[in-house]
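This report refers to the structure that appears directly beneath it.
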Amino acid sequence: MLAKLIEFRSVTERDALYVFDCPELARAASPGQIVELKINDCLDPFLRRPLSIFDVEGDTFSLLVRTVGRGTEYMTRWKPGVEVDVLGPLGKGFSWSEKEETFALVGGGVGMASLNFLARRLLEQGKQVHLLFSPKRDSQLLNALPQPERMDISFAENRTALPAALNALLAKGIDRVFCCGPDGLMEIVAKTSMANNIPCQLSMERHMACGIGICLGCAIAIRTEQGLTYKKACKDGPVFEAEEVSFHEEH
Amino acid sequence: MLAKLIEFRSVTERDALYVFDCPELARAASPGQIVELKINDCLDPFLRRPLSIFDVEGDTFSLLVRTVGRGTEYMTRWKPGVEVDVLGPLGKGFSWSEKEETFALVGGGVGMASLNFLARRLLEQGKQVHLLFSPKRDSQLLNALPQPERMDISFAENRTALPAALNALLAKGIDRVFCCGPDGLMEIVAKTSMANNIPCQLSMERHMACGIGICLGCAIAIRTEQGLTYKKACKDGPVFEAEEVSFHEEH
Amino acid sequence: MKNIKTKLGQAEFRNPVLGASGCTGYAYELESYTDLSRYGAVTLKTVTYTPRHGNHPERIAEVPAGIISSIGLQNPGPDVFFDDTMPKVIDALDRDQIIVSVAGDTIEEYVELCCRTSQRYGEKIAALEINAACPNVRFGVGYFSRDPQAAFDLIETVKSAVSLPVFFKFNTNFENYLEVASAIDEAGVDALYTSNTPLGLKINIRTRRPAIGNVVGPICGPAIRPIGMLRVWNLYQKVKMPIIASGGVYTWEDALEYMLAGAAAVGVGSAQFVQPDVVKHIVDGLERYMERESLDSLTSLVGAAHR
Amino acid sequence: MKNIKTKLGQAEFRNPVLGASGCTGYAYELESYTDLSRYGAVTLKTVTYTPRHGNHPERIAEVPAGIISSIGLQNPGPDVFFDDTMPKVIDALDRDQIIVSVAGDTIEEYVELCCRTSQRYGEKIAALEINAACPNVRFGVGYFSRDPQAAFDLIETVKSAVSLPVFFKFNTNFENYLEVASAIDEAGVDALYTSNTPLGLKINIRTRRPAIGNVVGPICGPAIRPIGMLRVWNLYQKVKMPIIASGGVYTWEDALEYMLAGAAAVGVGSAQFVQPDVVKHIVDGLERYMERESLDSLTSLVGAAHR
Ligand SMILES: Cc1cc2nc3c(=O)[nH]c(=O)nc-3n(C[C@H](O)[C@H](O)[C@H](O)COP(=O)(O)OP(=O)(O)OC[C@H]3O[C@@H](n4cnc5c(N)ncnc54)[C@H](O)[C@@H]3O)c2cc1C
Ligand SMILES: Cc1cc2nc3c(=O)[nH]c(=O)nc-3n(C[C@H](O)[C@H](O)[C@H](O)COP(=O)(O)OP(=O)(O)OC[C@H]3O[C@@H](n4cnc5c(N)ncnc54)[C@H](O)[C@@H]3O)c2cc1C
Ligand SMILES: Cc1cc2nc3c(=O)[nH]c(=O)nc-3n(C[C@H](O)[C@H](O)[C@H](O)COP(=O)(O)O)c2cc1C
Ligand SMILES: Cc1cc2nc3c(=O)[nH]c(=O)nc-3n(C[C@H](O)[C@H](O)[C@H](O)COP(=O)(O)O)c2cc1C
Ligand code: FES
Ligand code: FES
């Protein structure tokens, strides 16, 4: 599928927002799902790049991308009008029940990307959205948010300060926690939520080869009654329940 | 060095003219020399592509390129304004003496590319230029010539007809022959010229890795008094004297 | 009439472009991305004698024009495979398109897996593929790929136990791969399937540690195609059985190149990760080439570069 | 004060980024494309005991992220090399930047070449490099790269004949490369230089013939870097002598990756064909990295990925 880049905007020194026109993908997407972008039409870089859907509006979808390596660097050279080969929407996104009213969204750095689309859908349903962002020094990223005024936004200085900040937020009465960020941050959020007996979903990252469930490259260790097993981040996830994710145990 | 593409024009279904702005290169170039173009900034295609300088006008130089594979296909997607990484001018071009007045330029297909710049310089010096082109079915290529009216142009139907056509031309009184085209065609032209005792220069092609004389990849078998030896197409050539080139003998 | 059908020993396929094991999932995952009927066949992800969790992440590292992978043969084992997976495969593919890949730690395990597959699905699949790259409990990884006698015994035993066509998939990384291939040739396999994936390592310069959890893994993708090409070239001169070549096939030109070197068919692996409909494009390209070159079949091109 | 100087046995270089033999010509050809003073050193094109014409064209075939080459050690032989070439090299490079690479068909030929070089230019060069990939008249190509005893004898004889630092350049393609390396380690070489170039083949689908005149040739370039990386990783665990790694170095990140795997220095080969000033960019990149990471030297990073 081809998606046409219609807008490119720097958000911070190393993060940029890409808006694509692609009705088929935009209409089918739900929060927490990802796309797999082909960077160019040669063999280098070889693999597609997995990126969370940052937002969807009408026929367009957008990505919030941190420039970290060859592929994302290459992307910054795209000019509006360029047509990009994309697969998606892929994977299983966030879920909640109608009865739940108040949500805590915890974003770690550019991990925030997958939470904005989620916030949009929650707000559309009249839910209450609290966004807790860490680390504070990265807060310029929030300039990417289209509707910051509709959320309650707070910050954790860094990972050390995060448990306290989250506990304070949970104390306000939160029905469900959603989190996306580095593994270390998600582990803290998972533990804190579980300690408070509040359901929590995590959006997990793994290096991916295919993004569509055929390579088994994106293994996430999952606790089951029969012991640990591996699930696919690209197809069974990227969103998993906090209880099922095993951050450390090996077999 | 960067060269900016300022014009792109289709000449035939599979040949196109590329005009670049690049004062440094344009000013230094002489007929028969080549450039080495980087196709893109990734590892695929890996090597630069060697191309003859088709023309030079002021600060610009142009290339006449046949689309035959991945690299040249990629080039057809370049849009004016794009900046291309180029090395050149490279190699040793055509040479002649002031006393010589009448020249036969024999072009085989897109091999014609290196002869146009040569014709321009010869005409500037008030010399007489005969262009013999083969095969005739490819003659649409001549639409690329900026000053066809200033040359005497004739055709050979194909390679079989070439010796007769060249003999006829040489009979008019030619001081020197220049040729560029496939090996098979050049061998015929070399033989015919030598049989007529007319000095002849050939522009040779070999797969090249570096274009600047450091890899020894572009070996042309050359006859010397000590027997056969290999010279570099990119540095000692691409233009060689017809007598010295050995088309068949191995060591 | 142009005919792209491909005979590999007793097995016949609609075309010579096969989805390689472990890179095509169980085929049905690809249904919404491509036209599965264009696959010559799909070798399903290898099923092992006992379920395998697979290796610790990261399992994937990108390298120039390829990837290093380290999956560790993750699969649910034969019970789940037969009961849950195979019915879905049979819904998605035709009989002549299904190849079941098996691996065990001993010859007995291989044979038992082959027999179970044959009993339960013998009428519904085209061939069995022996994945010889599995670790051997006693002699380590790749034992059946590097010991000619072991390879011979394995194939002979399997062939006498089942009547389905049998392919032998092995790795050409060992210096004696031609000897192993000769042994297999004699044992009477239907086709030799080469994986041609050398081992490699990548270091993540940020973490200053190996990028792959398992440190080392096979390299696949176009980067290694010239290596595979040479090995297929050498094998073609050595053995009589048909060769299926995998290693870096991405375009129809790559498939043709392998055929000219001596492959009767090709396996497409990691290219599908990047372009899930790549097999269809390769088959289309080969058909257009036959048209352009007025070829009735591709058979005459197999090994043509040797002549 | 950041210090990027690199000691390899008795030899010391201004930095660890070396131009690899056969890919840097005689250095002076590059004068107008780059700042030669930024090379740690340049190993000149190998000079053989007798002049060599080299192989029949085509000698170059492009493959994904690399090339197959087949030059056949073309060189004018020692007389021309000493009389005509070396004076130009000495004009272009400083003493500490010049490494002379030699190859012969027998140990005697190697030793004679080393002695002649040492007598004539011993004061004007930094080191000798033994190219062990040369065909041996009796035992074929790569003999000194695959026979531990022959490699040992070669190095021991050379070392006792000359006082210049000596590097041993060998190919890691043989299964026993770790054994050969151990033998060399014992023989007391100053550094082990790995070329890490597997053999490959490409077929031209237009001519339906091998693209290279010689059919087969070594593959170089980024495509094979993960293979080289693994071999350097393994060598680092096996030997004590410093390792110079070549095979696919294109950027400073690649150089760093090899150093983390265990290389004390890197050789840059075919990348120079594409970007003649690439060595300068790599050295600049490493210096910027040291700055950013506040590293005084790169020595502490050598082999760091093992720890
Ligand atoms: C499910 C998922 C969702 C993601 N969403 C976003 C997002 O919305 N915004 C964003 O900026 N980044 C996101 N990432 C991370 C993003 O995929 C990587 O930063 C990106 O692939 C790096 O590519 P590169 O070529 O610039 O870096 P390189 O380091 O050159 O990449 C080399 C290889 O490593 C892989 N890789 C590198 N970093 C990561 C990583 N952190 N996770 C997974 N693979 C990696 C690449 O995909 C590639 O295969 C997401 C990753 C996953 C798995
Ligand atoms: C001195 C010289 C001058 C040339 N001048 C011109 C010119 O003015 N116009 C023009 O159209 N073509 C010219 N060529 C041929 C041109 O270089 C090739 O057509 C081009 O490199 C093909 O690249 P590709 O990626 O499209 O094809 P591919 O087949 O994909 O190329 C693969 C590899 O083969 C090499 N290669 C393929 N064909 C040739 C060839 N005929 N000669 C040398 N290398 C080749 C490529 O450079 C590349 O390394 C010249 C070649 C040489 C050596
Ligand atoms: C992620 C991955 C998983 C693989 N799993 C298997 C497997 O289970 N069984 C098998 O026989 N080969 C397996 N292979 C090897 C491929 O089938 C194929 O032979 C190899 O990748 C070379 O082809 P390619 O370069 O086209 O990828 C796997 C390869 C990859 C990349
Ligand atoms: C065209 C070419 C010529 C080479 N000639 C020599 C040589 O004469 N002596 C030598 O020791 N190595 C030679 N090599 C090997 C290189 O020095 C280097 O080890 C190898 O190319 C791997 O590095 P790379 O991937 O950076 O090219 C040559 C390589 C190439 C590509
Ligand atoms: S990335 Fe291939 S299965 Fe998930
Ligand atoms: S192309 Fe490298 S020497 Fe001519």
Legend entry - Over all atoms of both residues, closest heavy-atom pair of D/V63 and B/F46: O-CB, 4.4 Å
Inset, instruction - Using non-hydrogen atoms and a 4.5 Å limit, figure out which bit of D/E58 sits close to chain B: side chain, backbone, both or neither. - result: side chain
Inset, instruction - Answer whether the closest heavy-atom distance between the side chains of B/I212 and D/E29 falls below 4.5 Å. - result: no
Inset, instruction - Heavy atoms only, distances under 4.5 angstrom: which of D/G25, D/S32, D/A211 has the most pairs with chain B? Name it, please. - result: D/G25
Legend entry - From CE (B/M208) to CZ (D/R59), nearest 0.5 Å: 12.5 Å
Inset, instruction - Using a cut-off of 6.0 Å, state whether more than 12 heavy atoms not belonging to B/R77 lie near its atom CZ. - result: yes
Inset, instruction - For residues D/Q74 and B/Y230, report the shortest heavy-atom separation together with the two atoms involved. - result: NE2-O, 3.4 Å
Inset, instruction - Supply the atom-to-atom distance D/S70 OG to B/L216 CG, rounded to the nearest 0.5 angstrom. - result: 12.0 Å
Legend entry - Among B/D85, B/L47, B/D44, B/L87, residue most engaged with chain D (heavy-atom pairs, under 4.5 Å): B/L47
Legend entry - Gap separating the CG atom of B/D41 from the CD atom of D/Q275, nearest 0.5 angstrom: 10.5 Å
Legend entry - B/K92, NZ: over 12 other non-hydrogen atoms inside 6.0 angstrom: yes
Inset, instruction - For D/H53 and B/L228, work out which heavy atoms get closest and say how close. - result: CE1-O, 2.7 Å
Inset, instruction - Heavy atoms only: give me the nearest D/I60-B/G217 pair and the separation to one decimal. - result: CG1-CA, 3.6 Å
Inset, instruction - Look at B/C218, B/G211, B/P45, B/G213 and state which one has the largest set of heavy-atom pairs under 4.5 Å with chain D. - result: B/P45
Legend entry - Segment of B/I220 engaging chain D (4.5 angstrom heavy-atom cut-off): neither
Legend entry - Per-residue contact mode, B/M1 against chain D (heavy atom under 4.5 angstrom): neither
Inset, instruction - Determine the sole option in B/R49, B/H207, B/R70 for which the side chain to side chain donor-acceptor pair (under 3.5 Å) test with D/E62 is passed. - result: B/R49
Inset, instruction - Return yes when atom CD of B/E24 has more than 12 non-hydrogen atoms of other residues, nucleotides or ligands closer than 6.0 Å, and no otherwise. - result: no
Inset, instruction - Heavy-atom distances under 4.5 Å only: say whether D/Y26 touches chain B with side chain, backbone, both or neither. - result: neither
Legend entry - Atom pair CD1/SG of D/I71 and B/C215 - distance to nearest 0.5 Å: 5.5 Å
Inset, instruction - Considering non-hydrogen atoms only, spot the tightest contact between D/P57 and B/A219 and give its length. - result: CG-O, 3.3 Å
Legend entry - Toward chain B, the part of D/T24 with a non-hydrogen atom under 4.5 Å: backbone
Legend entry - Smallest separation among heavy atoms of D/C23 and B/I214, with atom names: O-CD1, 3.4 Å
